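This structure is a prediction, so every number in the text was calculated from the model and none was measured. Counting starts at 1 for both ligands and their atoms, in listed order.
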Amino acid sequence: MEISALTRSVVKRNHALICPDGHVNSVIPGWTNCTVHVLINEQMGARLCQTLITLNPESIVSGKTAASQIFFYVIEGHCTANGTVLFAGQYIYFPPGEEYQIVQASTGAQLLTFHKVYEPLDGYSTPGILFGDSAKIPGPAFLGDPALRLQVLLPEDLSFDMAVNIFTYDPGGHLPFVETHIMEHGLLYLQGQGVYMLDHQWYPVKKGDAIWMAPYCQQWFTAMGKEPAVYIYYKNVNRFPTAI
Ligand code: UGY
Ligand code: MN
C-alpha cells in the first residue's frame, strides 16, 4: 500500500522539487474547463511562473499577456492556439500585450507554460508571436559530449530575455560539472529518470516532476534507467545582471 504521508516533493529556500502526487488545482480566470497546477511562482521566491494545464475539448485558455510573456509547450495531445493546430512537441510564444486563445483540445492534452516579466532592451524591439516545433530543432552534443543533446527552442537574439531548451541525456550521461550560475531555472521532466543534485542534496527524479532552481542553486544531473532522460527548462538570459 502507498503511504500517503510520504512524498519526494521538497520546497527549500533556493530550490524545489514538485512531484505529481502533491498537485492541487488552481482556478485561473479566463482558463476554463481545464485543470491547472501552478508548479512554480513568485510565492516560492522565484522570478518565473510555471504551470501545467490538462485540457479537454471544452477547455478554453484565453487572456491577454500583460507585463509577462508566456511560452506554451504541448506535452501531450493537440489543441488550437490562435487558430493554429499544435501537436505534442510544438509550442507558441506570446510577448507582452498579446491576446491568446487555446481551444479544441484533445481529451487529456497537456500544456506547460513558462511566464516571465519582459525586460525591454534599448535598441531592440519586443519579439512577436512565435510558433515552433521541437522536432525541427537540431540537438547538437552539449559541450562535446554526444550522450547529452541540447535543443534551443527560442531565437538566441538579444530581443529575448528568456530561453526555453530541451535537454536529452542518454542513460549514464551527466552534466560535465556542477553548475553554479546567476540564471534561474524552471524545469519539467518529459521522459525518463535520474538523480538531480540541488544545493548539495540528492533527489531521484522522473517524468512528470518539476524543479525550480534559484540563481546560484548548485546543480548537477545524471540519467539512469533504460531510456534517455529528457527535460524542458526555462532560463533567464541576455540582460544586465545587476542593479548596482
Ligand atoms: O542551461 C543550463 O544552465 C543547463 N545546463 N542547466 C541545467 O540543465 N541544470
Ligand atoms: Mn543550469
So that I can check it, does any N, O or S atom in Gln219 come closer than 2.8 Å to the Mn ion (ligand 2)? yes
Give the numbers and elements of all ligand 1 atoms closer than 4.0 Å to a heavy atom of Phe167. 5 (N), 8 (O)
Out of all atoms in ligand 1, which are within 4.0 Å of some heavy atom of Tyr233? Include the element for each. 1 (O), 2 (C), 4 (C)
Rounded distance [0.5 Å steps], NE2 in His185 versus OH in Tyr234: 10.5 Å
For the CG atom of Asn56 and the SG atom of Cys34, what is their distance to the nearest 0.5 Å? 8.0 Å
The Mn ion (ligand 2) is nearest to which N, O or S atom of Glu179? OE1
Between Tyr233, Phe142, Tyr169, Trp202, which is the residue that forms a ring-ring contact (aromatic ring centres under 6.0 Å, His included) with Phe221? Tyr169
Closest heavy-atom contact between Ala81 and Phe131? O-CE2, 3.9 Å
Can you report which non-hydrogen protein atom sits closest to atom 2 (C) of ligand 1, along with the distance? Lys235 NZ, 3.3 Å
Will you find, in the side chains of Tyr196 and Gln219, an N or O donor that is under 3.5 Å from an N or O acceptor? no
Just to check, does Met183 reach to within less than 4.0 Å of ligand 1 when the distance is taken from its heavy atoms? no
Report the part of Tyr234 (side chain from C-beta onward, or backbone N, CA, C, O) that has a heavy atom under 4.0 Å from ligand 1; answer both or neither where that applies. neither
Given that the side chain starts at C-beta and the backbone is N, CA, C, O, which of these parts of Glu179 lies under 4.0 Å from ligand 1, counting heavy atoms, or is it both or neither? side chain
Taking the minimum heavy-atom distance to atom 8 (O) of ligand 1, which of Phe177, Phe221, Tyr231, Trp220 ranks first? Tyr231
Before accepting this row, confirm whether a basic side-chain N of the pair Arg149/Asp170 lies closer than 4.0 Å to the acidic partner's carboxylate O. yes
Ring-plane angle category for Phe71 and Tyr73, please: parallel below 30°, perpendicular beyond 60°, tilted otherwise. parallel
